[in-house]
Protein chains: 2
Amino acid sequence: MSEHNAAIGIGIGIGIGIGELARRADCKPETVRYYERVGLVDEAVRTEGGQRRYGEAAVRRLIFIRHARDFGFSVEAVRELLTMSDRPDMSCQEVDAIATHHLEEVESRLQRLEALRDELRRMVGQCAGGKVESCRIIEVLSDHQLCISEHDHGGADDLKHGPHS
Amino acid sequence: MSEHNAAIGIGIGIGIGIGELARRADCKPETVRYYERVGLVDEAVRTEGGQRRYGEAAVRRLIFIRHARDFGFSVEAVRELLTMSDRPDMSCQEVDAIATHHLEEVESRLQRLEALRDELRRMVGQCAGGKVESCRIIEVLSDHQLCISEHDHGGADDLKHGPHS
DNA sequence: ACTTGAACCTATAGTTGCTACAGGGTTTAT
DNA sequence: ATAAACCCTGTAGCAACTATAGGTTCAAGT
């Protein structure tokens, strides 16, 4: 049996360590411990010495989480998605709602980022390469009037916060 | 003279308080104090009672900062831009370099966000509205193979970190 | 059995750019 | 004189990790 399990990759009574788990989901051990702390992954079985050991289920769950995070879903959204994926009999309406909402946020962010890009292009395009004194970039930054779009290309925040649930 | 200054908006010996300053640059007093802490704005003159008072120069500087932040420049980038705008005789090469670099980052982020949007659209579009069991969204999240783009649509980080300097 | 070195443990602080308190003091207008 | 509106400092919080310090355990080789 252990040959079979070796082929699968995880022996039943043994399991893999946190490093190997992290490698399989393309993240770091710290991230896994973080997910455990915030309750996205269950507390792992421990060896006598206190080290975490994981099985196939944990690998699948972590890959799901990392993939959803890759898609930009917030940790809270991932938590909801996980809850639902644990209940296969449920209607997937809510899953769809979360994904659709997220898509909308990504689209609105895209629009604002495009406006920002246009404004930056204009700014950079107008720099004649002289002295700071007459630098178009500095001027635009000093005077909002010089922007085409009336205020708010999304703003710095837009580039920071992930779209939530 | 105080009538004239009232017209300008800031009396010479008096100055405005932090609240008024913040209002003029469309931010909050806390933000101004934060900028002071990190050295983006100078320490203000204080009243006898210890309250900050500002003049026109501070208003201009803060507006510049907020505008640059609106453009998505990081605080560190803003610091450099400020240093340069303080030296009008310098060549604006470096200004241009910062802005161009920032533009490039915005553009690359846009691309990844577009890929993400496409993937999300596909995912949402394929949801047939049945049970979670057969939910296409859950499936895609469980299995990266189902993505069109080979891995890495930018990732969650992309939606969080602002583009730096 | 022993030793080495990689992997692991916990707890805590740092990242970015603010924002939000708590628990006071000051200014200004009536 | 008193109240409303403003301001002060210091600290903690947000998201989602990442990094570090200082120690323990595991697995493999000799």
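None of these values were measured; they are calculated from a predicted model. Excluded from the calculations below are hydrogen atoms, water molecules and symmetry mates; all remaining heavy atoms, backbone and side chain alike, are included. Numbered from 1 within each chain, the chains take letters A, B, ... in sequence-line order.
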Distance, rounded to the nearest Å, where B:Lys28 contributes NZ and D:dC6 contributes P: 15 Å
Within residues 38-51 of chain A or reaching into it, pairs that qualify as side-chain hydrogen bond (donor to acceptor under 3.5 Å, both in side chains) - sequence neighbours excluded: none
Distance in angstrom units between A:Ile18 CD1 and D:dC17 P, rounded: 14 Å
Side-chain N or O of B:Tyr35 closer than 4.0 Å to phosphate OP1/OP2 of C:dC18: yes
Sugar-phosphate, base or nothing in reach of A:Arg23, heavy atoms under 4.0 Å: nothing
Distance, rounded to the nearest Å, where A:Glu20 contributes CD and D:dA27 contributes C1': 14 Å
Where at least one partner belongs to residues 125-143 of chain A, residue pairs that pass salt bridge (charged side-chain N to carboxylate O under 4.0 Å, His left out), sequence neighbours excluded: A:Arg136-A:Glu139
Side-chain N,O (B:Ser74) to OP1/OP2 (C:dT16) below 4.0 Å: no
Candidate nucleotides C:dT10, C:dA20, D:dT18, ranked by approach to the side chain of A:Arg46 - the nearest: C:dT10
Euclidean distance, atom CZ of residue A:Arg37 to atom C1' of D:dA15 [Å, nearest integer]: 13 Å
Distance, rounded to the nearest Å, where A:Glu30 contributes CD and C:dT12 contributes C1': 13 Å
Electrostatic pair A:Arg24:A:Glu20 at N-O distance under 4.0 angstrom: yes
Sugar-phosphate only, base, or nothing, as touched by A:Arg33 at under 4.0 Å among non-hydrogen atoms: base
Nearest atoms (heavy-atom pairs only) where B:Arg66 meets B:Asp26: NE-O, 4.4 Å
Interatomic distance where OH belongs to A:Tyr34 and C1' belongs to C:dT12 [whole Å]: 16 Å
Where at least one partner belongs to residues 85-96 of chain A, residue pairs that pass salt bridge (charged side-chain N to carboxylate O under 4.0 Å, His left out), sequence neighbours excluded: A:Arg61-A:Asp86
Partner residues of B:Arg33 under the salt bridge (Lys or Arg N to Asp or Glu O under 4.0 Å) criterion, sequence neighbours left out: none
Spacing of A:Arg52 atom CZ relative to D:dT25 atom P, expressed in whole Å: 14 Å
Sugar-phosphate only, base, or nothing, as touched by B:Arg79 at under 4.0 Å among non-hydrogen atoms: nothing
For A:Arg121, salt bridge (Lys or Arg N to Asp or Glu O under 4.0 Å) partners two or more places apart: B:Glu107
Interatomic distance where CZ belongs to B:Phe73 and P belongs to C:dT16 [whole Å]: 18 Å
B/S/- contact track for nucleotides 23-30 of chain C, protein heavy atom under 4.0 Å: --BSS---
